[in-house]
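Proteins get letters first, then strands, A, B, ... in listed order; numbering begins at 1 in each.
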Protein chains: 2
Amino acid sequence: MSYKHKKVITIGIVSELTGLSERQIRYYEERRLIEPERTRGGTRKFSFTDVEKLVEIANQMEDGLQTAEIRRLEQKAQQQKDAKVRDQMIRGQLNAAFPNRNKS
Amino acid sequence: MSYKHKKVITIGIVSELTGLSERQIRYYEERRLIEPERTRGGTRKFSFTDVEKLVEIANQMEDGLQTAEIRRLEQKAQQQKDAKVRDQMIRGQLNAAFPNRNKS
DNA sequence: CGTGTAAGGAATTCTGACACG
DNA sequence: CGTGTAAGGAATTCTGACACG
């Protein structure tokens, strides 16, 4: 896992990086748009990808979307990516089984 | 500036990532081996490159080096890099001035 | 020199709740 | 629904100092 995905940033810094209030960030977590980790003491830890997601969320909120809609859109997008990865893996299996076949 | 260089990590997280005590980290700052930024309130903020430096420092301390020596070594290494960049820039200027000259 | 620790205080974060719309 | 805020408490961090070696 790269630095981008390491959960190391506290909410105050995230607030500065995104321009969102801490209240907003906590609320988006409650609505399961992001999933920060926690320290033993309970302090939230975010990654840079979380920060990127939050900026994206902020834009969508500005567009008048509700959190539930944003979550659904995010899930759809994720499923598309998963499907793509699946296809790639299947292609890989086929290439391994039939090394010199024509490209499909 | 990439994520690697953004100062966003608090000392507790850095301590976990490096295995160093907060005391050690603060001391290495005092000896100017690292330069964290600060929040308005005074809380230190480190980057992933700081974390990498600290791991390097930890290794050098294990090898019996003193902080002053580590700082000198670091400065030497930095100067080498600077010199390399200077050379590259000079080469670039030359190439711009004499486009089709023989390579030197 | 490098690091642990106790001390006191300040900054940061947390949760649950009330408010507004 | 989304967000601000005051409240009380807990976790986190800060500095300067003393200790040891």
A.B. asks: Between B/R31 and C/dT3, is there a side-chain N or O to OP1/OP2 distance below 4.0 Å?
C.D. replies: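 Answer no for this pair, as no side-chain N or O of B/R31 is under 4.0 Å from OP1 or OP2.
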A.B. asks: Using whole Å, report how far CD of B/E30 lies from C1' of C/dG2.
C.D. replies: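 About 10 Å, once rounded to whole Å.
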A.B. asks: Which residue lies toward the 5' end of DNA chain D, A/T67 or B/R44, if each is placed at its nearest nucleotide?
C.D. replies: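 The 5'-side residue here is A/T67.
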A.B. asks: Using heavy-atom distances to pick each residue's nearest nucleotide on DNA chain C, tell me which of B/G41 and B/Q24 is more 5'.
C.D. replies: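 Result of the comparison: B/Q24.
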A.B. asks: More 5' along DNA chain C: B/A68 or A/G12, using each one's nearest nucleotide?
C.D. replies: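 This one resolves to B/A68.
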A.B. asks: Expressed in angstrom and rounded to an integer, what is the separation of A/I11 atom CD1 from C/dT15 atom C1'?
C.D. replies: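 Taking CD1 of A/I11 and C1' of C/dT15, I get 12 Å after rounding.
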A.B. asks: Could you work out which one of D/dT13, D/dT3, C/dT3 sits closest to the side chain of B/M61?
C.D. replies: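 In terms of side-chain proximity for B/M61, the closest of D/dT13, D/dT3, C/dT3 is C/dT3.
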A.B. asks: Using the side chain to side chain donor-acceptor pair (under 3.5 Å) definition, which of the options B/Q60, B/R31, B/R32 pairs with B/T67?
C.D. replies: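 So the option named by the test is B/R31.
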A.B. asks: Verify the neighbour count for atom CZ of B/R40: are there more than 12 heavy atoms of other residues, nucleotides or ligands below 6.0 Å?
C.D. replies: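 Result for CZ/B/R40: open.
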A.B. asks: Under a 3.5 Å cut-off on both pairing distances, which runs of 3 or more consecutive Watson-Crick or G-U pairs involve DNA chain C?
C.D. replies: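 Stem segments, range with range: C:2-5 with D:17-20, C:17-20 with D:2-5.
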A.B. asks: Whole angstrom is fine here: how far is it from NZ in B/K45 over to P in D/dC14?
C.D. replies: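 It is 12 Å, rounded to the nearest whole Å.
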A.B. asks: For C/dG4 and B/Y27 - does any side-chain N or O of the residue sit under 4.0 Å from the phosphate oxygens OP1/OP2?
C.D. replies: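 The answer is no; no side-chain N or O of B/Y27 sits under 4.0 Å from OP1 or OP2.
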A.B. asks: Take atom CD of A/E22 and atom C1' of C/dT12, then tell me their distance rounded to the nearest Å.
C.D. replies: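 It is 8 Å, rounded to the nearest whole Å.
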A.B. asks: Phosphate oxygens OP1/OP2 of D/dC14: is one of them under 4.0 Å from a side-chain N or O of B/T43?
C.D. replies: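 False: B/T43 side-chain N/O out of range (4.0 Å or more) of D/dC14 OP1/OP2.
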A.B. asks: Can you check whether any acceptor in the base of C/dT5 is under 3.5 Å from a donor in the side chain of B/R23, or vice versa?
C.D. replies: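 Present.
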A.B. asks: Let me know which of B/R26, B/K7, B/E35 forms a side-chain contact (heavy atoms from CB on, under 4.5 Å) with B/R44.
C.D. replies: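 Checked B/R26, B/K7, B/E35 against B/R44; only one passes side-chain contact (heavy atoms from CB on, under 4.5 Å): B/R26.
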A.B. asks: Would you call B/R38 and B/E29 a salt bridge, using N to O less than 4.0 angstrom?
C.D. replies: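 Counted as a salt bridge, because a side-chain N and a carboxylate O are separated by less than 4.0 Å.
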A.B. asks: For the NZ atom on B/K6, are there more than 12 heavy atoms of other groups (residues, nucleotides or ligands in this structure) within a distance under 6.0 Å?
C.D. replies: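 No.
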A.B. asks: Under 4.0 Å, counting only non-hydrogen atoms across every strand here, what does A/R26 touch: a base, just sugar-phosphate, or nothing?
C.D. replies: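 Here A/R26 touches the bases of the nucleic acid.
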A.B. asks: How about B/Y3 and A/F48: are their ring centres within less than 6.0 Å of each other?
C.D. replies: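 Under 6.0 Å, so yes.
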A.B. asks: Let me know the distance between CZ of B/R40 and P of C/dA10, rounded to the nearest Å.
C.D. replies: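 The answer, rounded to whole Å, is 19 Å.
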A.B. asks: Take atom CG of B/L54 and atom P of C/dT3, then tell me their distance rounded to the nearest Å.
C.D. replies: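 B/L54 atom CG is separated from C/dT3 atom P by 11 Å.
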A.B. asks: Report yes if a side-chain nitrogen or oxygen of A/T10 is closer than 4.0 Å to either non-bridging phosphate oxygen (OP1 or OP2) of D/dT12; otherwise report no.
C.D. replies: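 The answer is no; no side-chain N or O of A/T10 sits under 4.0 Å from OP1 or OP2.
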A.B. asks: Closer than 4.0 angstrom, basic N to acidic O: yes or no for B/K81 and B/E74?
C.D. replies: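 No, this pair does not count.
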